[in-house]
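It should be emphasised that the depicted structure is a prediction, and the values quoted were computed from it without experimental measurement. Hydrogens, waters and symmetry mates play no part in the numbers below; they use all other heavy atoms, side chains included.
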Amino acid sequence: MKFLIYCGLLFFAGSLAAEEPTPTPTPAKAVPVATPEPTPPPTRRQLVDGLSDEDVQKALKAVEGSFLDGSVANEAGLRRAALEGLLIRQGAGLAIVPGDGAATGMPPFPYLSEILDAHIGYIRPGTLDSNALSQLDSTLKSFVEKGVDALILDLRGVTTSGDLETTADFARRLSPRGKLLFTLQKPSAKQERIFTSNQDPVFEGQVIVLTDSRTSGGAEALAATLRSNAGAMIIGSDTAGAALEYQVVPLAGASLKVAVAQVLLPKGGTLFPGGVKPDIAISLPADVQEQIFRESTEKGISQFVFETEKRRMNEASLVANTNPEIDGIQSMQKSRATAPPKDTVLQRAVDLVTAIQFYSKKQSNP
């Protein structure tokens, strides 16, 4: 009897289990598949560079034999196109300029020096020639006598070519004796000229160099060697990538400048065609920079760096029943349209000097 009851209980339990619904499995979450970035189409230069010599000849013959513009497709037109293509591809390495090949463009601004914030020397040489070098010597001597402990060398817009010995003299004023400054190298490894520092530096404080896209030639070599040898930091834009020596070929009404040598840095780095890369990248619109340079020649550079201090409430204003803070806001609103522009690149340099000196003092006096 007990056996029958036991079998009945088993049967009953089995029937209940059969009636329970089977749990539905939870579907796995779909893992999003990253969509690959589309491969950009090859550039025209990449397509041309990918052709074999045979394909290049084939393409040129097709142009010469079939292109509808006969003035371009003939042999003379193809030669002109080849020259234009070389000028485009080689950048600063090849250039065709009007006249005799002398320097063109905006004339340099005159030499300018000033002391900012009572301890930061500012020098804008305008160009790197013997006259500017003589003025640099006088300025650095004066800075040292006045206790200036930081120097901002403004090479923005400085375009030089040819006289690398004078460029080296500028670097020698700020580089330790015996340091290799740079090398002028021609295609033959034996044809190179080495520039070294043969004197003690005139100034040994913190050095900041300002550059822009028009900083070229010897000015690029100067900026790069001061970073290597004087621990200078560079603020501004990439330079022109034209630290080169040229051969000038006279043409009818123009001249062709052909790079025949390049400046190399102490560790073998070349400045052509990439130029000098700044440590802190910041730029100023060309028209604003030109306005600042033009007006600072007569008025000095400080007004384009520092903000006018805001007037505050004091005892005298309380007695006079005036509020200089409100009056100052109204005055500021009236003069905002005529306020001088600010040299944000130079401002960044001044801020950097201040920060470096602050943390240097903090570390020496924990």
Side-chain angles (χ1 to χ4, degrees), residues 90-94 123 125 128 133 136 140 150-156 158-246 258-283 345 348-349 352-353 356 360:
Q90 298 306 316
L94 288 174
I123 296 176
L128 303 183
L133 181 64
L136 176 73
L140 291 178
L151 173 65
I152 298 174
L153 182 62
D154 195 343
L155 298 181
R156 289 176 293 174
V158 176
T159 302
T160 60
S161 60
D163 188 8
L164 287 175
E165 184 60 45
T166 302
T167 298
D169 282 336
F170 273 82
R172 290 176 181 123
R173 269 52 177 181
L174 301 169
S175 300
R177 179 190 292 269
K179 286 287 188 178
L180 172 61
L181 302 176
F182 50 82
T183 301
L184 181 65
Q185 184 187 61
K186 293 189 176 182
S188 171
K190 296 181 180 179
Q191 293 180 299
E192 61 180 24
R193 185 179 175 191
I194 297 175
F195 297 84
T196 60
S197 180
N198 54 8
Q199 64 184 58
D200 294 326
V202 179
F203 180 86
E204 297 184 277
Q206 177 67 44
V207 178
I208 306 291
V209 179
L210 308 185
T211 62
D212 66 4
S213 60
R214 293 186 298 124
T215 305
S216 67
E220 295 179 87
L222 177 58
T225 195
L226 290 181
R227 175 155 61 185
S228 298
N229 296 319
M233 295 194 68
I234 299 177
I235 298 178
S237 307
D238 292 3
T239 62
L244 302 164
E245 185 178 83
Y246 292 96
V258 181
V260 295
Q262 64 177 333
V263 171
L264 297 181
L265 301 180
K267 295 183 179 179
T270 178
L271 300 177
F272 169 72
V276 179
K277 307 295 182 183
D279 298 297
I280 298 177
I282 181 173
S283 62
V345 179
R348 186 67 58 86
L352 179 61
V353 170
I356 290 174
S360 296

Table please: side-chain donor-acceptor pairs of residues 198-207 below 3.5 Å, with sequence neighbours left out.
unit_1	atom_1	unit_2	atom_2	d
Asp200	OD1	Arg177	NE	3.2

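Taking Pro273 as the reference, nothing meets the side chain to side chain contact (heavy atoms under 4.5 Å, CB included) condition, with sequence neighbours excluded. Every residue was checked against the side-chain hydrogen bond (donor to acceptor under 3.5 Å, both in side chains) condition with Thr183, not counting sequence neighbours, and none meets it. Applying the side chain to side chain contact (heavy atoms under 4.5 Å, CB included) criterion to Ala224, with sequence neighbours excluded, gives Leu265, Leu271, Val276. Ser213 is linked by a side chain to side chain contact (heavy atoms under 4.5 Å, CB included) to nothing, counting only residues two or more places apart in sequence or in another chain. Every residue two or more places apart in sequence or in another chain was checked for a ring-ring contact (aromatic ring centres under 6.0 Å, His included) with Phe170, and none qualifies. Listed by chain and residue number, Glu165 satisfy the side-chain hydrogen bond (donor to acceptor under 3.5 Å, both in side chains) test with Arg193 (two or more places apart in sequence, or in another chain). For Asp154, the salt bridge (charged side-chain N to carboxylate O under 4.0 Å, His left out) criterion is met by Arg156, not counting sequence neighbours. Contacts of Thr225 classified as side-chain hydrogen bond (donor to acceptor under 3.5 Å, both in side chains), with partners at least two apart in sequence or in another chain: Asn229. Residues forming a side-chain hydrogen bond (donor to acceptor under 3.5 Å, both in side chains) with Thr211 (at least two apart in sequence, or on another chain): none.
The closest side-chain heavy-atom distance from Leu181 to Ser228 is not below 4.5 Å. Contact check for Leu133 versus Arg173: side-chain heavy atoms found under the 4.5 Å cut-off. Taking the side chain as every heavy atom from C-beta outward, Ile152 and Ile235 never approach each other to under 4.5 Å.
To the nearest 0.5 Å, atoms CG (Leu222) and CG (Leu128) are separated by 6.0 Å. Rounded to the nearest 0.5 angstrom, Ile123 CD1 and Leu210 CG are separated by 11.5 Å. Taken from OG1 in Thr239 to CG in Leu155, the straight-line distance is 10.0 Å, to the nearest 0.5 Å. If you take OG1 on Thr167 and CZ on Phe195, they are separated by 8.0 Å, rounding to the nearest 0.5 Å.
Within the structure, every pair that satisfies the salt bridge (charged side-chain N to carboxylate O under 4.0 Å, His left out) test and touches residues 225-244, not counting sequence neighbours, is listed here: Arg227-Asp279, Asp238-Lys277.
Remark: the backbone N or O of Pro176 is paired with a side-chain donor or acceptor of Ser197 at under 3.5 angstrom. Between the Glu220 side chain and the Gly275 main chain, no donor and acceptor come within less than 3.5 Å of each other. Not one N or O on the side chain of Ser216 forms a donor-acceptor pair closer than 3.5 Å with the backbone of Ala242. Of the possible donor and acceptor atoms, none in the side chain of Ser283 sits under 3.5 Å from a partner among the backbone N and O of Asp212.
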